[in-house]
Amino acid sequence: MAAQRRRPMGRRAYRKKRKKGKKIFTRGMRVTLFLFYVIFLIGFLALMIKVYMINRNDGDRYKKAALSQQAYTNKVLGYQRGSIKDRNNTTMAISLRKYNLVLEPRTLNTDEEIKEATLKAVAEHFAADQQQLRDAVKNKPDSMYERFDGLKELDADKVESFQEKMNEKDSKIKGVWFEETYVRNYPLGSVGCNLIGFMSSENAGNYGVEESYNAELCGTAGREYGYFGADLKLERTVKPAKNGNTVVLTIDANAQQIVEQQIAKFQKNGVGAKRVAVMISNVKNGEVLAMASDSTFDLNDPRNLGGMYTEAQIAAMSEEEQVENRLNMWANFCIGSAYEPGSTFKPFTIAAALDENLVNEKSSFACKGVVQVADREIHCNGNHGTVDLRHSLTQSCNSALMAISKKLGRENFYKYNQLYGFGQKTGIDLPGESAGLIHSQENLNPVELATSGFGQTQAVTMVQMVGAFSALINDGNYYQPHVVKEIQNSEGEVIETVAPAMIKKIVSENTSKKIRSFLKSTVEDGTASPAKVKGYSIGGKTGTAEKKGRNKKEYLVSFIGCTPADDPEIAIYVIVDEPNVADQAHSTFATEFASQIMKKVLPFLGQYKAKDS
């Protein structure tokens with residue numbers, strides 16, 4: 001019988017056969033697995049409950065224990081404030097690198113021998129109170145950062161010599177490090193004090209350039225983050241500080257120092273006065289080259305009144321008086337104080353009349369020593385007879401100036417006052433500028449118009465006068481007065497140049513030329529002859545202003561001038577307020593003083609004597 005061929009098993013048959021076979025997971029196995037899962041879930045829930053209970057009942061204790069194993073540091077990294085330099089790169093303000101000593105009590109408390117050796121070394125090297133150090137280590141055992149008042153602002157050489165001891169082979173000095181900081185220093189002491197300003201206790205600029213350019217001088221603080229682990233190793237993340245920019249002044253430090261020395265000499269050995277002030281500027285671009293008064297103080301100790309008062313005077317002052325006297329001492333008279341200018345204002349009145357074609361060089365004026373204006377008599381400083389326009393300035397004739405003011409009228413007079421910048425701030429880049437005080441057009445009645453024309457009854461500032469005078473003799477081109485020349489970054493690269501700003505034309509070139517000629521005649525043959533300097537061509541005008549309370553006979557005398565007279569480059573303005581003499585009404589005090597200053601300072605400003613002098 002033939003063998004039958006075996007047919008392959010179909011899918012359905014295979015499934016039936018498999019069902020009849022042995023099962024992979026038995027019932028017992030499934031029960032066991034289920035019980036294990038239930039037990040695991042119960043245990044996990046019990047653990048979570050236990051963690052919750054521990055956290056609720058003992059969380060603070062365990063947290064403290066964890067924190068005791070590590071300490072977090074987060075300290076500010078100080079930036080170096082930018083320097084202030086004069087036009088010749090002489091440093092007038094700088095931030096010096098210093099160091100604060102920091103102790104780590106937690107490190108020191110790990111070893112008694114190391115602690116004693118370290119505290120002894122610190123106390124001996126820096127002349128510190130060892131008991132104070134020991135108390136700090138004892139009272140703050142877990143601290144990793146402790147500073148001390150007596151161990152701040154340490155010099156680099158002192159720190160370096162201590163670090164050498166720390167790095168010796170068998171040194172037991174541990175847990176000490178030094179934090180870098182900066183301290184403001186003024187190498188020239190009081191030179192330029194009212195101009196430069198100083199730092200407050202909050203490390204911000206007060207007064208002067210320190211205040212007005214505070215944003216440029218300030219850098220950006222850095223920060224250091226880190227953890228001290230159980231092994232006392234510090235894992236650091238550092239964001240470096242960015243240093244401030246350097247401000248370069250238009251000031252010449254040599255000229256500034258000479259001016260201040262001459263003022264001090266005048267006050268101590270000369271006539272002396274209630275107040276003396278001097279400004280020198282570049283006629284061609286508005287740069288201030290020197291700015292000083294007799295109000296001085298040490299920039300490194302700005303609260304000390306010793307530069308202005310004796311110990312006995314200071315002791316007699318109340319606390320309020322000391323505060324007031326400090327404020328007066330810090331203020332910059334050249335920009336912040338207003339006064340009646342007197343006859344130094346006359347060139348401006350004459351220039352306005354020339355520009356309006358109301359007078360010319362052939363115009364003449366009668367002077368009988370007194371002029372009747374409205375209901376009062378106003379006196380001249382002499383009886384000059386008949387004077388032309390030139391001699392109305394060289395002889396400083398009040399009568400002629402009153403006639404010129406009358407020709408101008410209130411509208412024109414006020415218009416030129418505004419054009420010259422009187423009654424307005426110049427915008428000089430220093431804080432504390434005053435606008436002065438002039439008559440409104442409506443209030444320029446006959447008497448006010450007459451007296452304003454020769455410099456009385458209106459108040460101006462020195463910087464206003466210097467700015468306007470410089471324009472008057474510079475073809476009428478008014479440059480904004482300024483004390484900063486450029487800004488440099490911390491690498492010394494120039495990032496901003498303060499370009500001279502010619503902001504308006506105040507008179508015509510022809511008028512300017514005539515005024516220069518008149519000013520030269522005033523020094524050569526007129527009332528300003530004491531201002532002559534051998535070898536130099538000087539032009540200028542004197543001023544003698546009777547102060548308010550006319551019966552007191554108190555005067556502010558002055559001189560404003562320039563050199564070379566025909567094409568001026570340098571302007572100088574000197575004020576002597578209430579000379580210490582019985583008869584104050586003599587501009588000679590100011591003109592002679594101006595001459596003494598120019599003799600010494602002009603060579604430093606690139607102005608030299610004529611070869612044939």
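Residues: numbered from 1 along the sequence shown.
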> Parallel, tilted or perpendicular, judged at 30° and 60°: which one describes the rings of Tyr573 and Tyr339?
tilted

> Suppose we screen for side chain to side chain contact (heavy atoms under 4.5 Å, CB included). Which residues come up paired with Phe604, at least two apart in sequence or across chains?
Asn254, Ile258

> Looking only at the side chains, is there a donor atom on one of Asn412 and Lys407 sitting less than 3.5 Å from an acceptor on the other?
no

> Under the side chain to side chain contact (heavy atoms under 4.5 Å, CB included) rule, what do Phe365 and Ser363 come out as? Steps first, then yes or no, please.
CA-CA 7 Å; Phe365 310 91; Ser363 298; 3.9 Å; yes

> Do Asp355 and Thr511 meet the criterion of a side-chain donor-acceptor pair at a distance under 3.5 Å?
yes

> Ignoring hydrogens and angles, state whether a donor on the side chain of Lys505 or Asn477 is under 3.5 Å from an acceptor on the partner side chain.
yes

> Keeping Thr426 on the side-chain end and Ile428 on the backbone end, is there a donor-acceptor pair under 3.5 Å?
yes

> The criterion is side chain to side chain contact (heavy atoms under 4.5 Å, CB included); which residues satisfy it with Asn304, sequence neighbours excluded?
Asp301

> What I'd like to find out is whether the side chain of Cys380 reaches to under 4.5 Å of the side chain of Cys397, using heavy atoms alone.
yes

> Salt-bridge test for Asp294 and Arg275: reply yes if a basic N is under 4.0 Å from a carboxylate O, no otherwise.
yes

> Heavy-atom distance under 4.5 Å between the side chains of Asn417 and Gln458, does that happen here?
yes

> Pick from Leu195, Leu289, Ile84: which one makes a side-chain contact (heavy atoms from CB on, under 4.5 Å) with Ile251?
Leu195

> Within the structure provided, determine whether Asp475 and Arg516 are in side-chain contact (heavy-atom separation under 4.5 Å).
yes

> Give a yes or no on whether a salt bridge exists between Glu554 and Lys274, defined as a side-chain N under 4.0 angstrom from a carboxylate O.
no

> Going by the rule side chain to side chain contact (heavy atoms under 4.5 Å, CB included), which residues pair with Glu569 if we only count those two or more places apart in sequence or in a different chain?
Lys284, Pro564, Gln607

> Could you tell me whether the side chain of Thr563 reaches within less than 4.5 Å of the side chain of Leu602, counting heavy atoms only?
yes

> I would like to know whether Tyr555 and Val576 meet side chain to side chain contact (heavy atoms under 4.5 Å, CB included); could you show each step before the answer?
CA-CA 9 Å; Tyr555 292 83; Val576 178; over 6 Å; no

> Report yes if the side chains of Leu393 and Pro347 come closer than 4.5 Å at any heavy-atom pair, otherwise no.
yes

> If we count only N and O atoms by modelled type, under 3.5 Å, do the side chains of Thr461 and Glu433 hold a donor and an acceptor together?
no

> Please tell me whether Asn332 and Tyr207 have a donor and an acceptor in their side chains that are separated by less than 3.5 angstrom.
no

> Could you check whether the rings of Phe422 and Tyr420 sit parallel, tilted or perpendicular, using 30° and 60° as the cut-offs?
perpendicular

> How are the rings of His586 and Phe589 set to each other: parallel, tilted or perpendicular (split at 30° and 60°)?
perpendicular

> Could you tell me whether the side chain of Val533 reaches within less than 4.5 Å of the side chain of Ser595, counting heavy atoms only?
yes

> Is there a side-chain contact between Ile335 and Met291, using heavy atoms and a 4.5 Å cut-off?
yes

> Report the C-alpha distance between Tyr479 and Ser470 in whole Å, list the side-chain angles of each, state the deciding distance to 0.1 Å, and finish with yes or no for side chain to side chain contact (heavy atoms under 4.5 Å, CB included).
CA-CA 8 Å; Tyr479 284 90; Ser470 295; over 6 Å; no

> Classify the side-chain pair Gln256/Asp86 by whether it contains a donor and acceptor separated by less than 3.5 Å.
no

> Quick one: which of Glu340, His439, Lys548 gives a side chain to side chain donor-acceptor pair (under 3.5 Å) with Thr457?
His439

> Distance only, no hydrogens: is a donor on one side chain within 3.5 Å (strictly under) of an acceptor on the other, for Ser396 and Thr527?
no

